[in-house]
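Bear in mind the structure is a predicted one, so any value in this text is a computation, not a measurement.
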Amino acid sequence: GRCAVHEILLQHEALPNTIRSGQIANIRAIIENGRADGMTTMDQSLLARVKDGSIAAGEAYLKAADKNLFAPMLKPGELDGGH
C-alpha cells in the first residue's frame, strides 16, 4: 500500500527575505521552528506515520532527510534485506 506524507510551510515573516536572498536551505529551520503554528517537516510527517504504524521505519529512513531520527527504530537487517 501507499501512505501520503507531507511537508507544511505557512507564511512566516522571515520567508520572503530567505527566498529573495537565495538561502533556501534555511526554509527547513523556519518550518521546524514553526511547528506550534502548524508547520511540519517531511521528517516529522514520516515519524508520525511510523509511530501510527502506517509505514515501516526502514521506508521512512530511506526517504528521510535526517536519517539519525529513524536509525534507532530500524530492526537488524531491515535495510539490507535481512542478509
Answer with yes or no whether the hydrophobic clustering places M42 together with M39; edges join I, L, V, M, F, W, Y residues whose side-chain heavy atoms lie under 4.5 Å apart. no
Of the non-hydrogen atoms in A57 and F70, which two are nearest, and what is the gap between them? O-CB, 4.4 Å
Following the transitive rule for hydrophobic clusters with a side-chain heavy-atom cut-off under 4.5 Å over Ile, Leu, Val, Met, Phe, Trp and Tyr, establish whether L79 and L47 coincide in one cluster. yes
Minimal non-hydrogen separation, T40 against S45, with atom names: OG1-N, 3.9 Å
Are any of the side-chain heavy atoms of I31 and I8 separated by less than 4.5 Å? no
Does a side-chain heavy-atom distance below 4.5 Å link L15 with L10? no
Suppose the criterion is side chain to side chain donor-acceptor pair (under 3.5 Å): which pairs have a residue in residues 5-18, not counting sequence neighbours? none
With sequence neighbours left out, write down each residue that passes salt bridge (Lys or Arg N to Asp or Glu O under 4.0 Å) with R28, or none if nothing qualifies. E32, D43
Residues E78 and A56: closest non-hydrogen pair is OE2-CB, 3.9 Å
Roughly how far apart are T41 OG1 and L9 CG, rounded to 0.5 Å? 11.5 Å
Nearest heavy-atom contact between A60 and L46 is O-CD1, 3.9 Å
Output every pair passing side chain to side chain donor-acceptor pair (under 3.5 Å) with a member in residues 54-73, not counting sequence neighbours, ordered by first then second residue. D52-S54
